[in-house]
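Only one structure is covered here, and it is reproduced in the block below.
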Amino acid sequence: ERDKLYQHLKNGEGDIVAANICISLSNIHDIKYSTPFYTSPQVLIQRKGKPIKSIEELDKKTVYVRKNSSFQKRLEYLEDEVGIDINIKVYQGDPITDDLIELVDKGVIDFTVAHENLGRISKDLFSNIDVSTVLSFPQKIAFALRNSSTSLDKKLNSFLINYTKSSEFALLKKRYF
């Protein structure tokens, strides 16, 4: 889980977590973030048929997410902001988001949450999912770095600033993001 990875950074047991991480002010004192390399809203992953179209329709529904993920936090915020009661569950074994999407497709669970780009890619892999219900504003996605990694931080940010303007990144973004 991400908390363990962040703890490794804090303990000096690593320098970078190279994953799709939403920038969050809640852990800004423990880690630092690279320059964001893209943005993506969170979307509800559900089966096709009679999809939920509005956030209010999640009231009394069970949604499975990764433990301590930005998805779990978003659902908790939605409960408070909208005044609904979402049954937020962490699936046993703390699977990755792709695994939860597959469980939705197979009918094992009804709902999960993912970044919109992963949802779009997953639609090509799983014919039975809908990703049309947006749950958040676009969120900045970056890498996490150990606070004391100043040299790596500068080099990585310089690379990301230049690379995200390149035609190569545009091609990757078109394909995967």
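The first residue in the sequence is number 1, and the count goes up from there. The model shown is predicted, which means the values in this text are computed figures rather than measured ones.
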Using side chain to side chain donor-acceptor pair (under 3.5 Å) as the criterion, point out the one residue from Q139, H115, R74 that pairs with Q42. Q139
May I ask you to test the S34-L145 pair for a side-chain heavy-atom distance under 4.5 Å? yes
Output every pair passing side chain to side chain donor-acceptor pair (under 3.5 Å) with a member in residues 78-89, not counting sequence neighbours, ordered by first then second residue. T62-N87
Considering residues at least two apart in sequence or located in another chain, which fulfil the side chain to side chain donor-acceptor pair (under 3.5 Å) criterion with T97? R66
Listed partners of Y38 passing ring-ring contact (aromatic ring centres under 6.0 Å, His included), at least two apart: F177
Sequence neighbours excluded, which residues qualify as side chain to side chain donor-acceptor pair (under 3.5 Å) partners of T150? none
Which residue pairs pass the salt bridge (Lys or Arg N to Asp or Glu O under 4.0 Å) test when at least one of the two sits in residues 111-138, sequence neighbours left out? E116-R120
List, by chain and number, the other hydrophobic cluster members for V90, where Ile, Leu, Val, Met, Phe, Trp and Tyr join if side-chain heavy atoms come within less than 4.5 Å, directly or indirectly. none
Y77 meets the ring-ring contact (aromatic ring centres under 6.0 Å, His included) criterion, sequence neighbours left out, with none
Once side chain to side chain donor-acceptor pair (under 3.5 Å) is applied, do any residues pair with S122, and if so which ones, sequence neighbours excluded? none
Applying side chain to side chain donor-acceptor pair (under 3.5 Å) to T39 and not counting sequence neighbours gives none
Any chance you could pull the hydrophobic cluster mates of F137, using side-chain heavy atoms under 4.5 angstrom and chaining through other members? none
Quick one: do the Q72 and S69 side chains pair a donor with an acceptor below 3.5 Å? no
Students should find that the hydrophobic cluster of V65, defined by side-chain heavy atoms under 4.5 Å apart, otherwise consists of L44, I52, I55, L58, V63, F71, L75, L78, V82, I84, I86, I88, F111, V113, L135
Tell me, please, which residues at least two apart from F37 pass ring-ring contact (aromatic ring centres under 6.0 Å, His included). F143
